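Heads up: the structure comes next, in structure tokens.
Numbered from 1 within each chain, the chains take letters A, B, ... in sequence-line order. These numbers come from a predicted model, not from an experiment. Hydrogens, waters and symmetry mates play no part in the numbers below; they use all other heavy atoms, side chains included.
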2 protein chains.
Amino acid sequence: MTAGAAQASPRKRAGNGAARRIDADEIGLDALVGHAGYAVRRFQIWIFQDFIKTLGNVDIRPTQYSVLTVIGANPGLSQMAVAKRLGIERARLVHLLDSLEQRKLVKRVKSKADRRSHALHLTAQGEIALAKFKRLAAEHERHVEDKIGKANRERLLQILAGFT
Amino acid sequence: MTAGAAQASPRKRAGNGAARRIDADEIGLDALVGHAGYAVRRFQIWIFQDFIKTLGNVDIRPTQYSVLTVIGANPGLSQMAVAKRLGIERARLVHLLDSLEQRKLVKRVKSKADRRSHALHLTAQGEIALAKFKRLAAEHERHVEDKIGKANRERLLQILAGFT
DNA sequence: GGCAATTGTTGTCGTCAACAACAATCTTTC
DNA sequence: GAAAGATTGTTGTTGACGACAACAATTGCC
């Protein structure tokens, strides 16, 4: 294999110093098009931005939502258990919980069984709030459907089910 | 709708203070399972880690690879054009190019047409290096196939084609 | 009882997106 | 042709996030 650059759209322009304006969408991506990682990254950015915008009024970001959801569905978990389940570092979870606890959505209860650990629970206020967050998250999910199609979203969830 | 928490797996445990050990994989994700964003995020983390590992010997990260690929396929682009095409902020691209230029993979040529902008080109060394990076990236892509299946990878690229 | 492992915490480092400000340079408008 | 406005690259700041390392308190193991 020689040093030849692209096989797709070489489009060699003037040797150096640029020429005319480029319309930004006529730029070839070359090898990038065949890369799943690139497509997934762009999609993930889009989907997170939509989530953040849709839950903007309640000021909840995707990671916060995931923490609240897991605690809501499994009251009494330790921080270690939550971190491991969500793939978050326990050091990072400390700050996340500090914030959620300040907002009175979560409480850390000293565990009697293991005095090192905290049993995590939603507050009453936290349960009410989470119900609202879930409604907004469902709305966000409809945006995803509108964007890629209902069937494609289903297929996507199916393909990536192993990573949850 | 009442304040009731989860409909899937409530699994209420002792009022407070936790009980027995949780095996970390028996923790329900509840609403998270139906969220495309969560699955996509987890998958994106996996795929980037594999990319970084596979291209570890040559010390190239996904974003660097995308920049090199686009410049290679479209020599003479301005920083603005590259940033816009890849969805990178131009402020961020400055540092990326500083690094790539120090490594003699990319050169910034002062554009004669517009003296504000730089025309971006791969160096001869950069072209050779990129060819190698592409071979390693193809290897990474095979890892993705092994993970989710050849057909699923194709379908994924198809579903997300609109985001590239 | 003593030693290793675990849990929460604090701190540092590097990546990355989002902004804001700025000088140099183009483009538009009068 | 000159002033006003927009664009380009650059620098800097902020905040979310992942990866690590160290530490005190506590538990489990032998």
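- Evaluation of the ring-ring contact (aromatic ring centres under 6.0 Å, His included) test over residues 90-110 of chain B, restricted to residues two or more places apart or in two chains, returns none.
- A salt bridge is absent between A/E101 and A/K107; no separation between the charged side-chain nitrogens and carboxylate oxygens falls under 4.0 Å.
- In this structure, B/M80 atom CE and C/dC26 atom C1' are separated by 15 Å, rounded to whole Å.
- Taking atom CD on A/E89 and atom P on C/dT15, their separation rounds to 16 Å, with Å as the unit.
- Atom CG of A/L120 is separated from atom C1' of C/dT7 by 12 Å (rounded to the nearest Å).
- Of the options B/I45, B/I47, B/V40, a side chain to side chain contact (heavy atoms under 4.5 Å, CB included) to B/F43 is made by B/I47 and by none of the others.
- Residue pairs meeting the side chain to side chain donor-acceptor pair (under 3.5 Å) criterion with at least one partner in residues 39-49 of chain B, sequence neighbours excluded, are B/Y38-B/R42.
- Under 4.0 Å is where a charged nitrogen must lie from a carboxylate oxygen, and between A/D98 and A/R108 at least one such pair does.
- Hydrophobic side-chain contacts under 4.5 Å tie B/M80 to no other Ile, Leu, Val, Met, Phe, Trp or Tyr residue.
- Taking CG of B/L32 as the reference point, atom NZ of A/K134 lies at 9.5 Å (rounded to 0.5 Å).
- Remark: P of C/dG14 and CD of B/Q64 are 15 Å apart, rounded to the nearest angstrom.
- For the residue pair A/R103 and A/Q125, no side-chain donor N or O sits within less than 3.5 Å of a side-chain acceptor on the partner.
- B/L96 places its CG atom 7 Å from the P atom of C/dC16, with the value rounded to the nearest Å.
- In this structure, A/R115 reaches the D/dT26 phosphate: one of its side-chain N or O atoms is under 4.0 Å from OP1 or OP2.
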For nucleotides 10-12 of chain D, give me every protein contact, N/O to N/O, under 3.5 Å, one pair per line with atom names.
unit_1: D/dT10; atom_1: OP2; unit_2: B/Q79; atom_2: OE1; d: 3.1
unit_1: D/dT10; atom_1: OP2; unit_2: B/Q79; atom_2: NE2; d: 3.0
unit_1: D/dT10; atom_1: OP2; unit_2: B/R108; atom_2: NH1; d: 2.7

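- Here the C1' atom of nucleotide D/dA19 and the CD1 atom of A/I88 are 14 Å apart, to the nearest Å.
- In this structure, A/R61 reaches the D/dC17 phosphate: one of its side-chain N or O atoms is under 4.0 Å from OP1 or OP2.
- Phosphate contact (OP1/OP2 of D/dC17, side-chain N/O of A/T63, threshold under 4.0 Å): present.
- Spacing between atom CG of A/L77 and atom P of C/dT7 amounts to 12 Å, rounded to whole angstrom units.
- When the side-chain contact (heavy atoms from CB on, under 4.5 Å) test is applied to B/E145, the partners found at least two apart in sequence or on another chain are B/K150, B/R153.
- The interatomic distance linking B/R116 (CZ) with D/dT7 (C1') rounds to 4 Å, in whole Å.
- For DNA chain C, the residues of residues 41-55 of chain A within the heavy-atom distance limit of 4.0 Å (strictly under) are A/R41, A/Q49, sorted by number.
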